[in-house]
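Take a look at the structure below.
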Amino acid sequence: MKLKLFHKILIGASLGAIAIGGINHKINTMPCILLSPGAKQMCELGAIPDTLAAAWSGFTIFGTITALFLGLTAFLKPKPPLTRNPHLNTDLNTDSFGSAGELYGNQLIQRLAQPLPQTAEFNWNWLLYAALGLVLAIALNSPVQTMNDNPLVRPVAQAINQVTYQTPPAIRDVAKDMDSIAVYAIGHAEGNMTVSGQETPLIHGHVDPSLIGGRKVINRGWCSNYGKGGTLEQANKGCLERTQSRIPLISSRMEKHGLPPDQNFELFLNILDLWNQASPRVSDVAPKVAGDLHKKGLRGEDLILTTRVESFRDEATGQLSAGGLFNICANPANQAHDFVKSHAYKSEQWRAACIRWDQRRRATAIRNVLKYRGYLQ
C-alpha cells in the first residue's frame with residue numbers, strides 16, 4: 001500500500017513526539033528515584049505536563065523536517081522521458097498510397113502519433129513545503145532566547161539544560177546531612193527546630209494543620225514528612241533524600257532565569273522550602289516568577305516574599321491557589337484567621353492575605369537561621 005504525503009508526515013511527526021517526549025520524561029523523573037513510593041508516584045505525575053509539551057514539540061519539529069525532506073526528494077527525483085504510443089505506425093511512405101485521400105489520411109495519422117504538448121500543472125504540495133520551510137527558517141534564524149521562550153521548544157531546551165547544568169558544590173551539599181543549612185532553615189520554618197537547630201517537640205509527631213481532605217495526617221521529622229510513617233530517624237533520613245532530589249532541578253531553573261543559586265542563596269533556600277511545603281507546581285514555577293520580578297526591579301526580602309506568594313498562582317485560572325493554607329486561614333482557632341477575617345471569604349484579597357501571612361512567617365524563619373549561622377549580617 002502506497003502511503004500518501006499526509007500519512008508520511010504524520011508518521012515522522014509521531015516518531016519525533018515519542019522520541020523527544022520519552023527523553024524529556026526520563027530526565028524530568030530522574031529526581032523522583034530517591035523518593036519513597038508514594039512521593040515518587042506524585043513526583044512522576046507532576047512531570048506529565050512537561051512530557052506532553054515536549055511530545056508536542058517533537059511532533060511539530062519532526063513533522064516539519066519530514067515534510068521538507070519529502071519535498072526535497074520530490075524536487076530532485078528525475079522525470080521520466082516522454083514516449084510515443086508504440087501501437088501507432090509513424091514510419092509511413094507517402095509514395096505507397098495511391099490516392100490523395102489515402103495520403104491525407106496517412107498525414108493525419110502522423111500528426112496524431114506525435115506526443116501532445118504537456119501543460120505544466122501546479123503542484124499544490126509545494127505550498128505545504130514552502131509554508132513549513134518558512135516556519136523552520138524563522139525558528140532557526142531567531143535568537144536563542146526567543147527559541148527557548150517558544151512553548152514548543154521550551155520543554156526540549158529545559159531538558160538539555162538539566163542534563164548539561166552542573167550544580168555548584170556549595171548548593172549541592174545544602175542538605176547533605178542533619179547539620180546542613182537547609183535542614184536548619186526548613187526545619188525552623190516548619191516549627192520542628194529552633195533557630196539554633198535544636199529539636200522542638202513537634203519533630204517527633206504532630207497533626208498537619210492543613211487538614212487536606214479532612215484527614216488528620218501525622219507529620220514527623222525535620223521536614224514534616226506528611227504521614228509517611230517510620231521512626232524519627234527514618235523520617236529525618238527520608239526528608240534528606242527528598243530534599244536532595246530536587247536541588248539540581250531548582251538550581252538549573254534559577255540559573256536559566258538569571259539568578260544563579262550560589263549568588264542568590266537565600267532565595268534558593270526559600271524555593272527549596274516551597275518544594276518541601278507545597279505542591280511541586282509551586283516550586284517548579286518559582287524560579288521563573290523570581291526571574292521576572294527581578295527584571296522588574298525587585299530585590300532582597302521583597303523579591304523573596306513576592307516570589308513565594310505569586311508562585312501559588314494557578315496558571316490555568318489566574319487565581320492564587322493553596323488548599324491546605326486556606327484550610328488553616330479559615331479556622332478561627334488559628335492565628336492566621338486574624339489576618340484574613342477583614343476580607344470576604346475566598347476572595348482574591350482573602351487568598352493573598354492568607355498566603356502572604358504564611359510565606360512571610362516562613363521567609364522570616366529562614367532569614368533568622370541564616371543570620372544565626374553567619375550567612376547574613
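Excluded from the calculations below are hydrogen atoms, water molecules and symmetry mates; all remaining heavy atoms, backbone and side chain alike, are included. In what follows, residues are counted from 1 in the order of the sequence shown.
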Check: Arg360 and Thr364 side chains under 4.5 Å, non-hydrogen atoms:
yes
Using atom types as modelled and distance alone, determine if a side-chain donor or acceptor of Asn264 lies under 3.5 Å from a backbone N or O of Pro260.
yes
Does a side-chain N-to-carboxylate-O contact under 4.0 Å join Lys288 and Asp292?
yes
Distance-only side-chain donor-acceptor flag, Asn225 / Gln234, under 3.5 Å:
no
Thr200 side-chain N/O to Asn192 backbone N/O, donor-acceptor pair under 3.5 Å:
yes
Decide side-chain contact (heavy atoms from CB on, under 4.5 Å) for Val207 and Val217; before the verdict, give the C-alpha distance in whole Å, the side-chain angles of both, and the deciding distance to 0.1 Å.
CA-CA 5 Å; Val207 176; Val217 177; over 6 Å; no
Does the pair Trp357 and Val340 meet the rule for a side-chain contact (heavy atoms from CB on, under 4.5 Å), with working shown?
CA-CA 9 Å; Trp357 166 81; Val340 300; 6.0 Å; no
For the atom pair CH2 (Trp222) and CD (Glu190), what is the distance rounded to the nearest 0.5 Å?
9.0 Å
Using a distance-only test with no angle check, is there a side-chain donor-acceptor pair under 3.5 angstrom linking Thr243 and Asn276?
no
Which atoms form the tightest heavy-atom contact between Arg308 and Gln359, and what is the distance?
NE-OE1, 2.5 Å
Is Ile181 close to Leu370 at the side-chain level, that is, under 4.5 Å between some pair of heavy atoms?
yes
Please test Phe312 against Ser321 for side-chain contact (heavy atoms from CB on, under 4.5 Å), starting from the C-alpha separation and ending with a verdict.
CA-CA 6 Å; Phe312 280 88; Ser321 177; over 6 Å; no
When clusters are formed by joining ILVMFWY residues with side-chain heavy atoms under 4.5 Å apart, either directly or through shared neighbours, do Ile186 and Ile366 land in the same one?
yes
Which atom of Ala286 lies closest to which atom of Thr307, heavy atoms considered
O-CG2, 3.7 Å
Should we say atom OH of Tyr372 is surrounded by more than 12 heavy atoms from elsewhere, each under 6.0 Å from it?
no
How far apart are the closest heavy atoms of Ser251 and Thr167, and which atoms are they?
OG-CG2, 3.7 Å
Measure the shortest side-chain to side-chain distance between Cys354 and Phe326 over non-hydrogen atoms and say whether it is less than 4.5 angstrom.
yes
Set out, in order, the CA-CA distance, both residues' side-chain angles and the distance that settles salt bridge (Lys or Arg N to Asp or Glu O under 4.0 Å) for Asp338 and Lys341, then state yes or no.
CA-CA 6 Å; Asp338 295 336; Lys341 62 184 181 181; 3.7 Å; yes
Using only atom types and a distance under 3.5 Å, with no angle test, would you say the side chain of Arg313 pairs donor to acceptor with the backbone of Gly318?
yes
So Leu240 and Asn236, do their side chains get closer than 4.5 Å, heavy atoms only?
no
Separation between CG of Asn219 and OG of Ser224, rounded to the nearest 0.5 Å
4.5 Å
Smallest heavy-atom separation, Ser180 atom then Asp173 atom, equals OG-O, 3.7 Å
About how many Å separate NZ of Lys228 and CD1 of Ile218, when rounded to the nearest 0.5 Å?
13.5 Å
Determine the interplanar angle of the Phe265 and Tyr375 rings, folded into 0 to 90°, and report it as parallel if under 30°, tilted if 30 to 60°, perpendicular if over 60°.
parallel
Tell me whether Val285 is reachable from Leu325 by hopping between hydrophobic residues (I, L, V, M, F, W, Y) whose side-chain heavy atoms are closer than 4.5 Å.
no
Checking side-chain polar atoms at under 3.5 Å, does Gln263 have a donor or acceptor matched by the opposite partner on Glu255?
no
Test side-chain contact (heavy atoms from CB on, under 4.5 Å) on Thr306 and Val309; report intermediate values, then the result.
CA-CA 5 Å; Thr306 307; Val309 173; 5.8 Å; no
Reported CD-to-CZ distance for the pair Glu241 and Arg246, which is rounded to 0.5 angstrom:
16.0 Å
Just wondering, do His337 and Cys329 contact through their side chains at under 4.5 Å, heavy atoms?
no
Would a distance-only check, ignoring hydrogens and angles, find a side-chain to backbone donor-acceptor pair under 3.5 Å from Arg220 to Ala235?
no
Looking only at heavy atoms, what is the nearest atom pair of Arg351 and Leu320, with distance?
NH1-O, 2.7 Å
If you look at every heavy atom in Ile328 and Ala336, which pair is closest and at what distance?
CG2-CB, 4.3 Å
Would you say Leu274 and Tyr226 are hydrophobically clustered, going by side-chain heavy atoms of ILVMFWY under 4.5 Å?
no
To the nearest 0.5 Å, what is the distance between CZ (Arg299) and CD1 (Ile304)?
12.0 Å
Does a side-chain heavy-atom distance below 4.5 Å link Val174 with Phe268?
yes
Could you state whether Leu272 and Met178 fall into the same hydrophobic cluster, counting links through intermediate Ile, Leu, Val, Met, Phe, Trp or Tyr residues with side-chain heavy atoms under 4.5 angstrom apart?
yes
Using a strict cut-off of less than 4.0 Å between a Lys/Arg side-chain nitrogen and an Asp/Glu carboxylate oxygen, indicate whether Arg281 and Asp284 qualify as a salt bridge.
no
With a 3.5 Å distance limit and no angle check, can you tell me whether Arg361 reaches the backbone of Ala189 through a side-chain donor-acceptor pair?
yes
Separation between SG of Cys239 and CD1 of Ile203, rounded to the nearest 0.5 Å
8.0 Å
Do Leu267 and Ile355 share a hydrophobic cluster, counting only Ile, Leu, Val, Met, Phe, Trp and Tyr and linking them when any side-chain heavy atoms are less than 4.5 Å apart?
no
Any donor-acceptor N/O pair, Asn270 side chain to Glu266 backbone, under 3.5 Å
yes
Pairs touching residues 167-204 that satisfy ring-ring contact (aromatic ring centres under 6.0 Å, His included), sequence neighbours left out
none
